[in-house]
2 protein chains.
Amino acid sequence: MNSAARPPAMSDVAALAGVSHQTVSRVLNDHPSVRPETRERVTEAILQLGYRRNSAARTLVTRRSGTLGVVTPATALYGPTSTLVGLEEAARVVGWFVSVATIRQFDGDSMHTALEHFLGQGVDGIAIIAPTTEVAQAIAAIASPVPVVLISSASDVPPVPHLHAVGVDQRHGARLATQHLLDQGFPDVVHVAGPQDWFDAQDRLAGWREVSGPGAPEHIEAGWDAADGYELGLRMVREGLPAAIFAANDQLALGLLHAFWEQGVRVPDDVAVVGFDDEVGAAHYTPPLTTVRQDFGALGRLAVGSLQAAFAGEDVARQQIPAELVVRASSVRRV
Amino acid sequence: MNSAARPPAMSDVAALAGVSHQTVSRVLNDHPSVRPETRERVTEAILQLGYRRNSAARTLVTRRSGTLGVVTPATALYGPTSTLVGLEEAARVVGWFVSVATIRQFDGDSMHTALEHFLGQGVDGIAIIAPTTEVAQAIAAIASPVPVVLISSASDVPPVPHLHAVGVDQRHGARLATQHLLDQGFPDVVHVAGPQDWFDAQDRLAGWREVSGPGAPEHIEAGWDAADGYELGLRMVREGLPAAIFAANDQLALGLLHAFWEQGVRVPDDVAVVGFDDEVGAAHYTPPLTTVRQDFGALGRLAVGSLQAAFAGEDVARQQIPAELVVRASSVRRV
DNA sequence: GGCACCGGGGTGAGCGCTCACACGGGCGCG
DNA sequence: CGCGCCCGTGTGAGCGCTCACCCCGGTGCC
């Protein structure tokens, strides 16, 4: 075993197969003009030596690393992590590696650090699971030599060169949820909105407003956490319950359900609740939660496709994926 | 602007600063013997040119990519995603990049593909969020030229060179949960176990058995999903309720709570429930769930530390982190 | 028969960096 | 005063690959 010494290089394979290093390269890159028997000889030498192409050398000369950098918030939240998984799978299909950087804060500094991190690494493209307006502004301010795709529903991403944007149509999802509640006969629908510096929160609010109309009550702004929903739920019980609530995500809805259950308020009889995300477990909340599902697999594919288009020099418009309503017990009054 | 042409190289910086490329390299690598004024001149040239060190070239010559490969299941499950986040943060602290590969199945083929993927990329080390025995066996069968750390509670990982293992002490956590229920005065504790090809499930079962003793009723094996817990809960209601249940994860517990709530069984009055994971939202289940929390940040640091030790040639034993019990309403009978 | 052309394959340069080593000058010390 | 040593810096090789180009021999066509 010479395992520890130095991994085999292309020249070693070439020597063993009795060809030039260039022929080995041709075999590796599926170049057509190699005789089948030569190809086979090379392939066997590769196997025998346990040869693996050195990607650093390849990257050095081609100036392409085949790596996609993904910036994601440092949380185990359902949306971002699902998006990450979707991205990884889509990237792998087209032969890209995925490198990850998490950020704790969405300020310009963190974003700048993360981008530098990736650019120094030589990624070919960057995807940013970028929820807040602040992030978007930070991105816009940084001149990236590689294409960047912003994954968010941002309806108003500033038009920056190299900056694409894809997302699930949050507004559409919010319309579905709100309309569903209205269709159930609830006279009006209160919206518990997420932090308004998040695009998703903005768009869910906008979708709700489109359907509920100008006469609807004001929305209530909250965070994303179940604790926020819980506090709010308790306050509602004290100050008066609406007929129906559209919560900006499932965690908020979960907190509301908790508060209502604790206070003896029945859902959906006393108040109907709809969430957003269809988190793992949402089908087993008490009661099972009506919510809006996003196709993160499709989202990942869309993001990757968008980057590929960017490489090809195409100027892709913003692309959106429709959302899907999942109706469960929390919004359907028993007859 | 010559931006599109070719990114500036070390030699460009050197020319601008009036030094040799080697001096630039020394500045970049914080080599002590550079005069402060020279250093400053170089630094300024770097800034002026927007120079970024080409990591491919660096990797090529040093044979170190500074990249950690992480293999993780392709799910948004709380445990794996939290571990991933913990790993990324720990890796970044020591200056490593994190590259991710997700796998859908835990068979040897998938693992082999993922490892080849990383080895071809030239990672310096690999962390495997490796839940099943099958994965561990697959790893053991692959000779990796770089250190591999298995992140799992596996008590019986086969001793393979270069294969380290770290984890949260699942058995300890299970003992805490079970003992807590016994301390509350519940005569016996039924365990709803996870899939027994998962290390975590095995160890949680083992910990439960250690405390509950041989006289305890048989455990019930299930999956990891809330749906499994729900089915089981319904069956328990039909066939007879235990006094207390220790579920192998929070999702199972959530399903149980759902079934019980639906059937009018009160928790914890009729049956107490404890979960495992302390997922986001567990504090707002109905009722709030007593569960076992794992410190994923510490886990990531431990894994990274273990790899660093491997680089240093140390032969590190398996390392475990204690778990922590979080008591909430689902297991505490109201007085 | 001469020439173009194409399949199959080889040669050499160079990507941008680090490493080993060389080199000159100042300083301490015998 | 001479020698050695260290500080600060430069020189050149080479990491393993791809790209541009060259070369040779067989085939088809005028």
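Quick note on labels: first sequence line is chain A, next is B, and so on, each numbered from 1. Keep in mind that the numbers below use all heavy atoms, side chains included, and drop hydrogens, waters and symmetry copies.
Regarding contacts with the backbone of D/dT18, a side-chain N or O of A/R53 is found under 4.0 angstrom from either OP1 or OP2. At least one side-chain nitrogen or oxygen of A/R63 sits closer than 4.0 Å to the OP1 or OP2 atom of C/dG16. Distances shorter than 4.0 Å separate none of the side-chain N or O atoms of B/R6 from OP1 or OP2 on C/dC15. At D/dG10, one or more side-chain N or O atoms of B/T23 fall inside 4.0 Å of OP1 or OP2 (strictly under the cut-off). Between B/S11 and C/dC17, a side-chain N or O to OP1/OP2 separation shorter than 4.0 Å is absent. Checking the phosphate oxygens (OP1, OP2) of D/dT9, a side-chain nitrogen or oxygen of B/T38 falls inside 4.0 Å.
In this structure, CZ of B/R64 is placed 11 Å from P of C/dC19, rounded to the nearest angstrom. Distance CG (A/D12) to P (D/dG16): 8 Å, rounded to an integer number of Å. Following rounding to the nearest Å, B/R35 (CZ) and C/dG25 (C1') show an atom-to-atom distance of 12 Å. One interatomic measurement links the two molecules: CG of B/N54 to P of C/dG16, which rounds to 7 Å at whole-angstrom precision. A/M10 places its CE atom 14 Å from the C1' atom of C/dG10, with the value rounded to the nearest Å. Per the geometry, NE2 belonging to B/H31 stands 11 Å off P belonging to C/dA20, to the nearest Å. Separating the CD atom of B/Q22 from the C1' atom of D/dT9 is a distance of 9 Å, rounded to the nearest angstrom. To the nearest angstrom, P of D/dA13 lies 17 Å from CG of B/L60.
Annotation: the span from B/E89 atom CD to B/F296 atom CZ amounts to 13.0 Å, rounded to 0.5 Å.
Contact annotation for B/T59: no contact, since no heavy-atom pair falls under 4.0 Å across all strands. Across all strands shown, A/S20 has heavy atoms under 4.0 Å from base atoms, whether or not it also approaches the sugar-phosphate. Residue contacts for A/R26: at a heavy-atom cut-off of 4.0 Å it reaches a base atom on one of the strands shown. Contact annotation for B/S33: base contact, defined as any heavy-atom pair under 4.0 Å involving a base atom. At a threshold of 4.0 angstrom between heavy atoms, the contacts of B/S55 with the nucleic acid are absent.
Relative to the side chain of B/H21, the nucleotides C/dT18, C/dG16, D/dT18 differ in distance, and C/dT18 lies closest.
Comparing B/V61 and B/V19 along DNA chain D, the residue whose closest nucleotide (by nearest heavy atom) sits nearer the 5' end is B/V19.
Look at B/E88 and B/R92 and you find a salt bridge, because one of the NZ, NE, NH1 or NH2 atoms lies within 4.0 Å of a carboxylate O, short of that distance.
With a 4.5 Å cut-off on side-chain heavy atoms, B/R64 and B/R58 do not count as touching. Side-chain contact between B/V93 and B/R301 is absent, with no heavy-atom pair separated by less than 4.5 Å. Looking at B/V148 and B/H164, their side chains never come closer than 4.5 Å, going by heavy atoms from C-beta outward.
Between the B/T81 side chain and the A/A76 main chain, no donor and acceptor come within less than 3.5 Å of each other.
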